[in-house]
**Student:** 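I am attaching a structure below and will ask some questions about it afterwards.
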Amino acid sequence: MSASQIIFYLISAFILGCGILAMTTRKIFRSAIWLLFSLVGVAALYFWMQVEFIAAVQIVVYVGGIVVLIIFSIFLTQQSGKEMPKPPLGRNIAAVLAVLFGFALTFLLINKYGFTDQGKAFDWSVNKIGTQMLNTGEQGFALPFEVVSILLLAAMVGCIVIAMRSKPEEK
Amino acid sequence: MAFLKKYFSNIFQAIRSLTTGMRITAGYALRHGKEKITQQYPDNKKTLVLPERFRGEVVLTHDENNEHACTGCTACELACPNGTIKIITKFDVSPEGKKKKALDTFIYHLELCTMCNLCIEACPTNAIRMAQTFEHSVFDRNKLTKKLNNPGSKIREGVE
Amino acid sequence: MPSLEHIANLVHDWLNAQFSPGLALFFEFFIIGVLIIGLFSILGLVLIMMERKVSAWMQLRLGPNRVGPKGMFQTVADTVKLIVKEGMTPDGVDKLLFNLAPFIVMIVAMVIMAPLMFAKNFQIWDINIGVFFITAISSLSVIGILMAGWASNNKYSLLGAMRSGAQIVSYELSAGFALLTIVILTGDLKISAIVNAQSDGWWIFKGHLPVWIAFVIFMIAVTAETNRAPFDMAEAESELTAGFHTEYSGMKFALFFLAEYVNIFVVCALGATLFLGGWQPLHFGTGTGFNRVMDYIPSSIWFAGKTFFLIFVIMWFRWTFPRLRIDQLLNLEWKYLLPISMFNLLLATLITIMGWHF
């Protein structure tokens, strides 16, 4: 086993371990922190694959954005410092079964079809990503990019409408 | 349009006031060698200069004839917010046989005093003032309760 | 005169001659780790001393002057005191997260060091997304602060952590836009490419108006991002005692303190790299005698000089301006800095497309 493979298995074990801890801990803030470590582990996996741009985006969006939002909402909830009650046994069994079935399905799929080597290295440079993103020609992503922008704009306008205080009526 | 004008004038005023502040601190930083306000206290005990209005402790001023100006009116005792001053009065009998209220003992609890200066402002005859001494540490708390009038002192002639 | 690049190459060659490539790489990692930790401790000592002296100068005081010549060993004495102090873990805190938080803050500060270019061709990792890497990793540092605030189980800590979170998340935007201005002008994210693009003049001279605006916005935003006064809402001692590190003592507190100063160093080094040309010496025109004199100064000195100048500017801010209120802080970001930096970005794009920069 080469050093590269050892690192891969270490990172994967870290991701899965943190994921399991995030599910099983009974303190909600710790759960968020384990989720965060799991996501950092995914970013580490991207770094291992040498797709640095995706790794950095993973950190900015998921770790710096979404998990911070989750933590903020935990801060603002009542009694979030208390330990949560143990889930009933039936639910535990169902959860374990669901996980086992998921594993079985994935394993069967991989076993049957396996991974095929495409034979060509994919180009991940930032320049390439940028030009592809705003390309209007063949296989360009200009239209999806703009549609997503409109979606985000709508979300932002919605936030402003919700947050805006209506002016008192003129008398 | 008026909004935009206000917006940009806000920015420029902010920049101007911030640079003013930074200029002043930079000026201080540049002449830090020449002007210092730090007193290196235990080292410069001999040459220490205290500001004129420094308040160390309350003293009753006596002149060279061992006379003070306190009439025993207790205005300072009433003015004191935390009971630092206790005035004990006596009655002097004048040669004509008239009784007159006078100071017997001026008790001052330094350990309670906050140096608020209210007693000095209350005194009608300017008998007490704030001294500039400040090294008040002692090993026994009782030493902080002081008798301010010297033994054998009496009121100055003409002070009513 | 041996440059840092020269020494690094010597060490690299020697290690490769002695050991197998894998082992040599391992030893190089080890040396880099030791060097970074050494740099951290030196930076902590020097910057805290510098902060005390600068504050003393600006307030016409003397500053520390008892320990060692001119008080230079004051911070060493403080460090010894913090090391021998008991690292208390109060009852009622979330013990795991409470003890983990200072290390998270510290590790983040260490990782950001990786793409910085300390001298000519002297860099740990010339990652091809350099600037973006720094912004991405620095967004992690808020997690350590939120963790510390939550785990302390203390209302001051929690409030401090929330303020700090809101502040860092919002000021990251305008800091990012300021960085983007330079990235647009250079056309590359790599730190080495950005520095090389400034060999014929620093961006602050070449890029004129948009770069000046971006530089000012960058300095304001990084002051806020590192939780320094006048934006130190997270610790605001008059309101929150000490904010998120109220419950910390001993070495754990020292780690927070050290991380604050290392973060200042990192953002100032970044600012020096992007706006002031990194290790590039100051040049006027081409081939003049002045330029040749400037070239004799080693590149590491140039880099350190620029970085420490920016650190001085940030300290100057701290000892001049009063602390902002939280609503003023958010107003400044969302109503002033963000719109201005957006328009500035458009202006920079226009100037780049038309080739109006020098």
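Hydrogens, waters and symmetry mates are skipped; everything else that's a heavy atom, side chains included, is used. Order of the sequence lines sets the chain letters (A, B, ...), proteins ahead of strands, with each chain counted from 1.
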**Student:** To the closest 0.5 Å, what do you measure between CH2 (C:Trp57) and CG (B:Leu30)?
**Tutor:**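 The CG atom of B:Leu30 is 9.5 Å from CH2 of C:Trp57, to the nearest 0.5 Å.
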**Student:** Pick one of side chain, backbone, both or neither for C:Pro230, based on which atoms fall under 4.5 Å of a heavy atom in chain B.
**Tutor:** neither
**Student:** Got a sec: does the CZ of C:Phe343 have more than 12 other heavy atoms crowding it under 6.0 Å?
**Tutor:**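 Counting neighbours around CZ of C:Phe343, 12 or fewer heavy atoms of other residues, nucleotides or ligands fall under 6.0 Å, so no.
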**Student:** Let me know if C:Tyr336 has heavy atoms under 4.5 Å from chain B in its side chain, its backbone, both or neither.
**Tutor:** both
**Student:** Are there more than 12 heavy atoms of other residues, nucleotides or ligands under 6.0 Å from atom OH of B:Tyr41?
**Tutor:**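 Yes, enclosed.
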**Student:** Using a 6.0 Å cut-off, check whether atom CZ of C:Phe312 has over 12 heavy atoms from anything other than its own residue.
**Tutor:** yes
**Student:** Might you work through the side-chain contact (heavy atoms from CB on, under 4.5 Å) test for B:Gln40 and C:Arg66, ending with a clear yes or no?
**Tutor:** CA-CA 11 Å; B:Gln40 302 221 59; C:Arg66 298 280 147 166; 2.7 Å; yes
**Student:** Please evaluate residues B:Tyr7 and C:Ile340 with respect to the criterion side-chain contact (heavy atoms from CB on, under 4.5 Å), reporting the C-alpha separation (whole Å), side-chain torsions for both, the decisive distance (0.1 Å), and the verdict.
**Tutor:** CA-CA 11 Å; B:Tyr7 185 85; C:Ile340 292 173; 4.1 Å; yes
**Student:** Drop me the distance from B:Leu18's CG to C:Phe321's CZ, to the nearest 0.5 angstrom.
**Tutor:**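 Nearest 0.5 Å value for the CG-CZ distance: 4.5 Å.
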**Student:** If I measure from the heavy atoms of chain C, does B:Ile24 come under 4.5 Å with its side chain, its backbone, both, or neither?
**Tutor:** neither
**Student:** Is B:Lys147 atom NZ crowded by more than 12 heavy atoms from other residues, nucleotides or ligands, each under 6.0 Å away?
**Tutor:** yes
**Student:** Which atoms of B:Ala14 are under 4.5 Å from chain C, going by heavy atoms: the side chain, the backbone, both sets, or neither?
**Tutor:** neither
